[in-house]
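Everything on this sheet refers to the single structure shown next.
Residue numbering restarts at 1 for every chain, and letters A, B, ... go by the order of the sequence lines. Just so you know, these numbers come straight off a predicted model, no measurement behind them.
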Amino acid sequence: MSGQIARLAQGGRIDRTRPLRFIWEGRGYQGYAGDTLASALMANGVTLVGRSFKYHRPRGIIGAGVEESNALVQLGDGARSTPNMRATEVLLYDGLVARPVNCFPNSRFDIGSINNLVARFLPAGFYYKTFMWPDWHLYEGFIRRAAGLGKVARQADPDRYESRFAHCDVLVVGSGPAGLAAANAAAASGARVILADQDDGIGGALRYEDISVDGQAGADWAARIGGAIAAQPEAKILLRTAVVGYHDHNSLTMVQQLANEAECAADPTRARYRTWQVRAGRVVLATGAIERPLVFPGNDRPGVMLATAARHYARRFAVLPGRRAVVFTNNDDAYRTALALAACGVVVAAMVDVRDTVSADLAAVLDARGIRLITGATVIDTRGRKRINRALVRSARGEEWIACDHLAMSGGFNPTVHLFSQSGGVTRYDEAIAAFVPGVSVQDERSVGAAAGAYATKDALEAGEGAGREAAALVGYDVLPSTAPWTTDERPEASLLPCWQVEGRRSKAFVDFQNDVSVGDITLSARENFRSVEHLKRYTTLGMAADQGKTSNVNALAIMGALTGRSVEETGHTRYRFPFTPIPLGSMGGRNRGELFRPRRRMPAHDRHVAANAVFEDYGGWMRPAYYLNFGETPHQAEQREALAVRTAAGLFEGSPLGKIEVKGPDAGRFLDLIYANTMSTLRPGKVRYGLMLSEQGVVIDDGVATRLGDDHFLIGTSSGGAETIVAWMEEWLQCEWLDLDVLVAPVTAAWGVLTITGPKARTILDAVGTTVPLDDFPHMSFAEGTVAGVPARVFRVSYTGETSYEINVPARSSAFLWDVLMAAGQSQGLIPVGIDAWMVLRTEKGFLHIGADTDGTTTALDVGWGHVLKKKNEFVGKRSLLRSADQRADRLQFVGFAVAAGESPLPIGGHVVATASDGTALSEGYVTSTAFSPFLKSAVALGMVRGGLARKGETVRIGAGRAARTATIVDPTFYDPDGERLR
Amino acid sequence: MLLIHCPWCGPREELEFRCGGESHISRPSPSATVSDTDWGNYLFTRKNPKGVHYERWVHAFGCRRWFNVARHTATHRIEAIYAMHEAAPSAFDGADAL
């Protein structure tokens, strides 16, 4: 208690029986349960809480909630350390550790404050104008390191985050008088209501204002109504829940804080934040208003604070913002602050009002308290190094220094229209309150209370109740008759006098405290013709800090308007964006991180690969064996051993992810002729044909084999990557273009496990396990249905390796069994499991295309040597594009092979074919797309794309490979068994 | 996030759908009779209006059916949902509010 020099002996909504210890900048302090970090710091007499972003000026707490722009803190230690938390929103807990951001070595003595001495050489745009020669990037690293607020923890985030969806009839944002009345009225009708508030208790301004509602103290009334809402079975109140996004069709994002870092550290099962996606029938925006600072020279010294914040601390936390105060205002509201401070024993040295006259009523109240009222006056400068110690007041009677250690300021209020603006609504400027208020709505929402510019509590209550009843009725509930009109003891307020900027002495007048943007910067921006608010924002960085200009935007655009001869309304404001207040990155990810980021897909025989010592990699979400490692082997040795086994004995490969689509119906053949570049309708049942699918641009999008199972029944094989996209592609054509075709398509990829046995011994092994497929009469590119080792199977004689291959499709659950049977039967024949790496070596030797590796989004059927498809009479997708002259140019990138001399290492993938242009500069004529070392041919092989490559076979070219240049000969892509004799 | 009323499944989150772009584009055919200009327009030229846009969507993570949507591009209000074979409706009340 001893250290809490600014704490009143009594009062406030804090629990003095529960003292809490905390550490700020390495020193121990004490506060109470119910404090925020900001109120506890102030109670301990800490007014200097950080340094400003650019000039490193000393800064103190300016607000009491979400609007705080100065008191950014680094909260917690180690992996749980969070930068840029607003001290005004951090609830105090025992053991809290925090420190200021942007100062070194500490906030009282900060080396960076040298910037403040040279401030006049650092105007807006300084860095961009100064560091242009020879190249901004030369300086960028240094400047970036000096910039920024706070430090991100280097360790992985240990906290848990949750997310959930919710639906409700009425979502009420904000639990001040308007929000409570709205939620109460809607909930009473039985509607499903969510009432969300970013604060840790309901009541909004009633938590600190001296207002009674219906004869009850405001906070007591709020508690009573909150209880009535909570008692409704379909209503829910969510505290510490900030509604940060208002998206389309009444979808809103909320972020709820569930536990602090200490609670999460103590219990790792607790989640720190929960993100809600809410779909609401109607939305009531009761988001209140944020006070505007006054823009006068020296308005950023510690001890200068928003007037509502000053009384917020005094009344809710029993903390005095100073001992001797000056209140500077252009409206009636700040008089409440003067009276609240005076009631707590603060000497209010002067009430400085820019207006020439104030109501006799107010003047009398001040007089009764002995507070000096100076009308028609402004504060034009302040003094004080680490805290304000005097203010210079100018009035008709001259200038006068008034000693003070606190200055409360109020420039009026800005309705919090952020969510309304996000919803697509258009604001309008209300001259009476000199602020933007909601104008035209485009979604099913209504703004009420201070958020709509109705500041009087009675108005807020009535509008809130009306909106709650209206919302419930619009979603179909019977609403109860209205209760008696609300009564409050507020006195009516006179209108404010807009005051956007006070001319004065030398000191800088700050508009955006967090990004250190002063009136001077806005003037410079106007002078350099960055006059649109969007340009102003980007040139000066105004409103671009973590607070997104909550206190600064309207002041800034009004000043810009005055400089450019436009009204505030004409000047307009920038669009408010998601999120309303900063949210932790982790909360957006929720549980989708680590193992849960994307579900891993395991193949049906996964356990067999694990047992065979497979090394898995992720291929399009599937965990597939890259290779199977024997003891003492390198990955390359494993790949070479597996590839050689396929050429000399046999290999077993699981290809279950290969896409399988059944196409059935009287028009199935006609449909496939349209979808494939080549003809499929002429295929006989039991036969298989390779085909290419093109996009409408003629680009190859997938390849694979089609099998005719029956007259009106085909099975389409796609690449593993195309399994989902190709079935969607077919559906789109059938449903959107060829509605007359009688065809059904069904994806069956996951239903079948695929085991491919390949190599010269493949047939012997298959024979050994027993099959009903007539192997003697089963040539390459045929299909048979039967059993293998007693398991019902679809067997295809197709090959991606260049060896005799049997692609055996069995029900997925039988895959492991079949794997075991084949491995056992093949042991004596040298059968080994083969992974993807060896598979790629084999197909590269054979010159088989790998779509997406050898081809890209510009590779057409003609580029891969499929010119013959244009002889086909009927139409197919992409055909017309292949007829364009650009598609038929001879110098397009075309698919070829690259041979290198024996004994050389493989060419690098991505190595360019380097030629020399007529002016002597180097020119790329293509590149290498696939390479391998062939253990069978004992030489390196490569595939790639070369300009006019189809006509350049035999030419020797230079391949740029980093610093080393290589030579290669352009050849036919088929290195191994060009005549296909191995497949017969 | 839009709330889209799938004609088969009812109102569902936008997450379940995929937008296929502008609808009612007729595909010129046969290839031999189509000029480069017409083919280029078919491939690349789109209306991109500020106002009601007729587009097609598929309930990709649901029933996999395609359907047409008339959506206001400034307000995202969905004015109509209709079958692929139906003609585009016109004249929506309040569609020009912004």
Side-chain angles (χ1 to χ4, degrees), chain A residues 165 167 245-253 277-281 423-426 439-444 578 674 695-699 724-725 727-740 744-747 870 872-887, chain B residues 1-5 8 11-44 55-61 63-68 71-78 83-86 94-98:
Chain A
F165 285 87
H167 294 81
Y246 197 140
H247 319 289
D248 304 317
H249 296 184
N250 268 9
S251 141
L252 294 95
T253 305
Q277 287 292 336
V278 185
R279 182 76 68 177
S423 80
V426 181
V440 182
S441 289
V442 300
Q443 297 205 38
D444 294 333
F578 167 90
L674 289 162
S695 72
E696 278 285 55
Q697 272 83 353
V699 169
E724 274 134 40
T725 52
V727 74
W729 173 248
M730 290 179 164
E731 288 278 19
E732 183 169 5
W733 283 105
L734 282 172
Q735 292 181 39
C736 301
E737 187 65 34
W738 302 311
L739 283 76
D740 53 322
L744 288 176
V745 300
L870 288 179
K872 178 173 150 182
K873 279 198 212 80
N874 62 308
E875 293 295 314
F876 58 89
V877 174
K879 181 180 186 181
R880 179 61 186 78
S881 289
L882 298 178
L883 300 173
R884 294 178 298 197
S885 55
D887 283 64
Chain B
M1 188 158 54
L2 306 181
L3 185 69
I4 299 171
H5 291 250
W8 306 90
R12 293 288 190 276
E13 299 287 334
E14 183 183 344
L15 287 174
E16 298 182 14
F17 298 84
R18 188 169 70 75
C19 182
E22 187 177 327
S23 197
H24 305 294
I25 295 172
S26 63
R27 184 172 188 266
S29 186
S31 299
T33 66
V34 181
S35 71
D36 278 356
T37 307
D38 288 348
W39 187 249
N41 282 337
Y42 159 70
L43 286 182
F44 304 118
E55 55 200 18
R56 67 193 194 203
W57 287 74
V58 61
H59 195 184
F61 299 95
C63 62
R64 293 190 4 232
R65 301 299 298 172
W66 284 86
F67 52 90
N68 283 316
R71 178 182 61 94
H72 196 287
T73 55
T75 64
H76 296 295
R77 205 165 90 167
I78 291 177
M84 286 310 305
H85 64 270
E86 287 180 299
D96 297 320
L98 282 185

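- The contact between Arg65(B) and chain A is made by backbone and side chain atoms together, counting heavy-atom distances below 4.5 Å.
- For Gln735(A), the parts lying under 4.5 angstrom from a heavy atom of chain B are both the backbone and the side chain.
- With a 6.0 Å radius and a threshold of 12 heavy atoms from other residues, nucleotides or ligands, Glu13(B) has its CD atom above the threshold.
- One side chain, Arg71(B) or His76(B), offers a donor N or O that lies under 3.5 Å from an acceptor on the other.
- When heavy atoms are compared at a cutoff of 4.5 Å, Glu696(A) approaches chain B by way of both its backbone and its side chain.
- At a 4.5 Å heavy-atom cutoff, the contact between Ser881(A) and chain B is made by backbone and side-chain atoms alike.
- Ring pair Trp729(A)/Trp733(A) is perpendicular by interplanar angle, where above 60° counts as perpendicular and below 30° as parallel.
- Ion pair Arg27(B)/Asp38(B) not flagged as a salt bridge, since none of the NZ, NE, NH1 or NH2 atoms sits closer than 4.0 Å to an Asp/Glu carboxylate oxygen.
- The choice from Glu737(A), Glu731(A), Arg279(A), His247(A) that makes the most heavy-atom pairs within less than 4.5 Å of chain B is Arg279(A).
- Heavy-atom distances place both the backbone and the side chain of Trp66(B) under 4.5 Å from chain A.
- With a 4.5 angstrom heavy-atom cutoff, Phe876(A) touches chain B only via backbone atoms.
- Val727(A) approaches Val745(A) most closely through the heavy-atom pair CG2-CG2, 4.2 Å.
- Using a 4.5 Å cut-off between heavy atoms, Val58(B) makes no contact with chain A at all.
- With a 4.5 Å cut-off on non-hydrogen atoms, Arg56(B) touches chain A through its side chain but not through its backbone.
- Between Glu732(A) and Arg18(B) a salt bridge is recorded (basic side-chain N to carboxylate O distance below 4.0 Å).
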Working note: Asp36(B) + Arg880(A), criterion salt bridge (charged side-chain N to carboxylate O under 4.0 Å, His left out); need CA distance, chi angles, decisive distance, verdict.
CA-CA 9 Å; Asp36(B) 278 356; Arg880(A) 179 61 186 78; 2.5 Å; yes
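- Using a 4.5 Å cut-off between heavy atoms, Glu724(A) does not touch chain B at all.
- Proximity to chain A is limited to the backbone of Ser35(B), based on heavy atoms less than 4.5 angstrom apart.
- Residue Phe67(B) does not touch chain A at all, counting heavy-atom pairs closer than 4.5 Å.
- Under the 3.5 Å distance criterion, with hydrogens and angles disregarded, no donor-acceptor pair is assigned to the side chains of His249(A) and Gln443(A).
- In this structure, chain A has no heavy atom under 4.5 Å from any part of Ile4(B).
- Other residues, nucleotides and ligands place more than 12 heavy atoms under 6.0 Å from the CZ atom of Phe578(A).
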